[in-house]
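Quick notes on the structure that follows.
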Amino acid sequence: MGRTIPQLLADAAARDPDGTWIRADDAELTFSATAAAVGARAAALRAHGVGRGDLVAMTARTTPAYLLAWLAITSVGAIAVPMNPASSPAEFAGLLDQTD
């Protein structure tokens, strides 16, 4: 079986900790900073009982923070369910019903 994206990130952090993982308009994250941030978010998810196979709705815009959250969700074995943050409560409810 191939390596997961979180595993590839950990490999890159070990190989090139100060290398740039992502550059955005207002920030730049290194591989090691990214791995640490993902690890902290993954620990928080586990502390809230999130684990393998759980569905996690995401309503964030596509920013570096969104990517960190996606990586953390994936690293605990959960499934990220991206949702439009501009959706109405009824749309959210309908989308959540479809994720069963």
Side-chain angles (χ1 to χ4, degrees):
M1 183 170 168
R3 312 272 298 148
T4 65
I5 293 173
Q7 289 168 335
L8 293 171
L9 173 61
D11 293 347
R15 187 176 54 254
D16 185 15
D18 295 324
T20 300
W21 174 70
I22 194 167
R23 189 174 291 128
D25 293 337
D26 59 347
E28 179 175 302
L29 288 172
T30 64
F31 288 115
S32 61
T34 300
V38 168
R41 284 165 174 77
L45 288 167
R46 283 189 201 97
H48 282 90
V50 177
R52 181 164 300 285
D54 289 335
L55 301 174
V56 179
M58 296 181 63
T59 60
R61 293 184 353 246
T62 51
T63 62
Y66 174 92
L67 295 172
L68 294 173
W70 183 88
L71 284 164
I73 292 165
T74 303
S75 72
V76 299
I79 301 159
V81 181
M83 303 177 86
N84 184 347
S87 295
S88 70
E91 289 170 324
F92 278 127
L95 290 168
L96 290 174
D97 284 343
Q98 293 176 33
T99 61
D100 290 344

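Across all their heavy atoms, Phe31 and Ala12 have their closest contact at CD2-CB, 3.6 Å. The two atoms that bring Leu71 and Trp21 nearest to each other are CD1-CZ2, 3.8 Å, heavy atoms only. Closest of all the heavy-atom pairs between Pro82 and Tyr66 is CB-OH, 3.3 Å. A pairwise comparison of heavy atoms in Ile79 and Gly53 identifies CD1-O, 4.0 Å as the closest pair.
When the side-chain contact (heavy atoms from CB on, under 4.5 Å) test is applied to Ala80, the partners found at least two apart in sequence or on another chain are Met58, Trp70, Ile73. Listed by chain and residue number, nothing satisfies the salt bridge (charged side-chain N to carboxylate O under 4.0 Å, His left out) test with Asp16 (two or more places apart in sequence, or in another chain). For Ala93, there are no side-chain contact (heavy atoms from CB on, under 4.5 Å) partners, not counting sequence neighbours. By the salt bridge (charged side-chain N to carboxylate O under 4.0 Å, His left out) test, Glu28 is found to be paired with Arg23, residues two or more places apart in sequence or in another chain being considered.
Leu45 and Met83 are members of different hydrophobic clusters when ILVMFWY side chains are connected at heavy-atom separations under 4.5 Å. In the hydrophobic cluster analysis, where Ile, Leu, Val, Met, Phe, Trp and Tyr join through side-chain heavy atoms closer than 4.5 angstrom, Val38 is grouped together with Val50. Linking Ile, Leu, Val, Met, Phe, Trp and Tyr whenever their side-chain heavy atoms come within less than 4.5 Å puts Val56 and Ile5 in one cluster.
Sequence neighbours left out, the pairs with a member in residues 32-59 that pass side chain to side chain donor-acceptor pair (under 3.5 Å) are Thr30-Ser32.
Through direct or indirect side-chain contacts shorter than 4.5 Å among Ile, Leu, Val, Met, Phe, Trp and Tyr, Leu8 is connected to no other residue.
A heavy-atom distance below 4.5 Å is found between the side chains of Leu29 and Leu68.
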